[in-house]
Amino acid sequence: MTAMVKSEGVHKSFGAAHVLKGIDLEVAPREVFCLVGPSGSGKSTFLRCINHLEKINAGRLYVDGDLVGYRQRGDKLYELKDSEVAAKRRDIGMVFQRFNLFPHMTALENVMEAPMQVKREARAVARARAERLLDRVGLGDKVGNYPAQLSGGQQQRVAIARALAMEPKLMLFDEPTSALDPELVGEVLDVMRGLAEEGMTMIVVTHEMGFAREVGDSIVFMDDGVVVESGHPREVLTNPRHERTKSFLSKVL
């Protein structure tokens with residue numbers, strides 16, 4: 001079975017800052033894969049490399065068997081054109097820490113926009129799917145509301161519906177609950193739990209250890225640009241092997 005995501009020796013630097021230092025990992029189809037670690041450990045950068053929002057400096061990244069951002073001929077890599085990168089990116093949904101909704105569009109219009117613009121989908125088709133998705137994330141009664149009229153948790157659920165509107169095969173979540181008031185976190189995690197139950201492949205950068213333990217199939221603890229420890233969430237969170245993991249978990253659990 002082809003891995004949904006495969007990372008081989010991935011390095012990324014920003015100037016003198018070496019942020020990713022040889023990341024090796026695999027994410028299977030239908031897997032919920034959690035990335036945890038302190039701020040600045042490279043988790044979000046790695047996530048952005050998966051859909052080529054950041055270009056890697058060395059190594060190989062594959063999504064569903066295809067190289068991300070490049071084509072290989074012989075032993076040489078050739079960068080894909082922007083249009084080719086954009087076409088591949090359609091298969092990957094991304095939900096950011098800040099919801100990034102269009103403020104001048106209603107919830108419904110936010111969810112309809114990408115399928116109409118990118119896939120040239122008919123308005124009626126895009127609308128029907130958007131209504132269905134908003135209903136699915138518990139916002140069927142908010143289709144006409146603008147982002148400013150919604151709570152943070154509701155905005156994040158619209159953002160999830162918007163990512164799902166492109167019918168991706170992979171969903172990336174970059175700390176999707178960290179900007180929310182504590183009482184709103186649960187409603188977003190419930191939607192993600194539902195996606196996991198439906199078999200969506202998900203990579204989740206998170207500080208929500210309860211979610212990782214309960215929903216995750218695998219967990220990776222990153223620190224200073226390297227994978228320190230990985231395994232099943234219950235095993236890693238209950239019985240970490242490395243001192244660095246123990247130290248981190250003692251502060252967050």
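Just so it is clear, the model here is predicted, and its values are computed rather than measured.
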Under 6.0 Å from the ring centre and within 45 degrees of the ring axis: does the NZ or CZ of K12 meet both conditions for the six-membered ring of F14?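 Verdict for F14: a cation-pi partner in K12.
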R73 NZ/CZ over Y78 ring centroid, <6.0 Å and within 45° of normal: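 Yes, R73 lies over the aromatic ring of Y78.
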Any donor-acceptor N/O pair, [X] side chain to [Y] backbone, under 3.5 Å:
X    : Y    : result
N110 : F102 : yes
S178 : E175 : yes
N51  : I92  : no

For the atom pair [atom1] ([X]) and [atom2] ([Y]), what is the distance rounded to the nearest 0.5 Å?
X    : Y    : atom1 : atom2 : answer
Y62  : L67  : OH    : CG    : 4.5 Å
I160 : L195 : CD1   : CG    : 6.5 Å
K169 : R30  : NZ    : CZ    : 15.0 Å
M192 : F173 : CE    : CZ    : 4.5 Å

Side chain to side chain contact (heavy atoms under 4.5 Å, CB included) for L172 and V95? Distances and angles first, verdict last. CA-CA 6 Å; L172 308 177; V95 178; over 6 Å; no
Around atom NZ of K55, are there more than 12 heavy atoms of other residues, nucleotides or ligands at under 6.0 Å?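 Result for NZ/K55: open.
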In terms of hydrophobic clustering (I, L, V, M, F, W, Y; side-chain heavy atoms under 4.5 Å; direct or indirect links), are V227 and I56 co-clustered?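 Hydrophobic grouping puts V227 with I56.
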Count I, L, V, M, F, W, Y as connected when their side-chain heavy atoms are under 4.5 Å apart, and connections chain through other members. Are F96 and L35 then in the same cluster?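 In one cluster with F96: L35, yes.
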Heavy atoms only: give me the nearest E121-R129 pair and the separation to one decimal.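 So the two residues come closest at OE1-NH1, 2.7 Å.
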Does F248 have its ring centroid less than 6.0 Å away from the ring centroid of H242?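 Ring centres of H242 and F248 not closer than 6.0 Å.
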N-O pairing of E79 and R71 below 4.0 Å: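 Between R71 and E79 there is no salt bridge, as every charged N stays at least 4.0 Å from the carboxylate O atoms.
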Looking at R162 and E113, is there a salt bridge between them, counting it only when a charged N and a carboxylate O are closer than 4.0 Å?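 Salt bridge flag = no for R162 with E113.
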